[in-house]
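Some notes on the structure that comes next.
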Amino acid sequence: MFIRVHLSRRSCCAKADSWLVFSRMREFLEFIIRELIEFPDDMVLTEIPNGRMITFKLQLRRGDVGRVIGRSGQTIHAIRALLASSAARHGQRAVLEIVE
């Protein structure tokens, strides 16, 4: 009986931890992207959690999409690498998609 309580309590804490990690990733993405774009108030960042993975969908003005992608995709590649690294550190997986 003690083991059951411990396991259910642990799974509850694991869910809380993943929620905290995902919320910090969202804050990180919002901060970075708002600094890059010209119209930060028009940015829409949605998240779709799926177990230990989360997909962030980013909607921007057309002119701001180029700023986030960068020359030859270097900027978006760097943002995605930082996001993936941060998620992997906590045993999670995160993906960033730009929606037009």
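Residue numbers run from 1 in the order of the sequence given. Because the structure is a prediction, the values reported are computed rather than measured.
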Only distances under 3.5 Å count here; give the side-chain donor-acceptor pairs of residues 24-35 to other protein atoms, sequence neighbours excluded, each with its distance to 0.1 Å.
residue: R26; atom: NE; partner: E30; partner atom: OE2; Å: 3.2
residue: R26; atom: NH1; partner: L45; partner atom: O; Å: 2.7
residue: R26; atom: NH1; partner: E47; partner atom: OE1; Å: 3.3
residue: R26; atom: NH2; partner: E30; partner atom: OE2; Å: 3.3
residue: R26; atom: NH2; partner: L45; partner atom: O; Å: 2.8
residue: R34; atom: NH1; partner: P40; partner atom: O; Å: 2.7

| All side-chain contact (heavy atoms from CB on, under 4.5 Å) counterparts of H90, not counting sequence neighbours | V21, Q92
With a cut-off of 3.5 Å and sequence neighbours excluded, list every side-chain donor-acceptor pair involving residues 79-87.
residue: R80; atom: NE; partner: L96; partner atom: O; Å: 2.9
residue: R80; atom: NH2; partner: L96; partner atom: O; Å: 3.0

Give every donor-acceptor pair under 3.5 Å between a side-chain atom in residues 54-71 and any protein atom, sequence neighbours left out.
residue: K57; atom: NZ; partner: E97; partner atom: OE1; Å: 2.8
residue: R61; atom: NE; partner: D42; partner atom: OD2; Å: 2.5
residue: R61; atom: NH2; partner: D42; partner atom: OD2; Å: 3.0
residue: D64; atom: OD1; partner: E38; partner atom: N; Å: 3.0
residue: D64; atom: OD2; partner: F39; partner atom: N; Å: 3.2
residue: R67; atom: NH2; partner: E38; partner atom: OE1; Å: 3.4

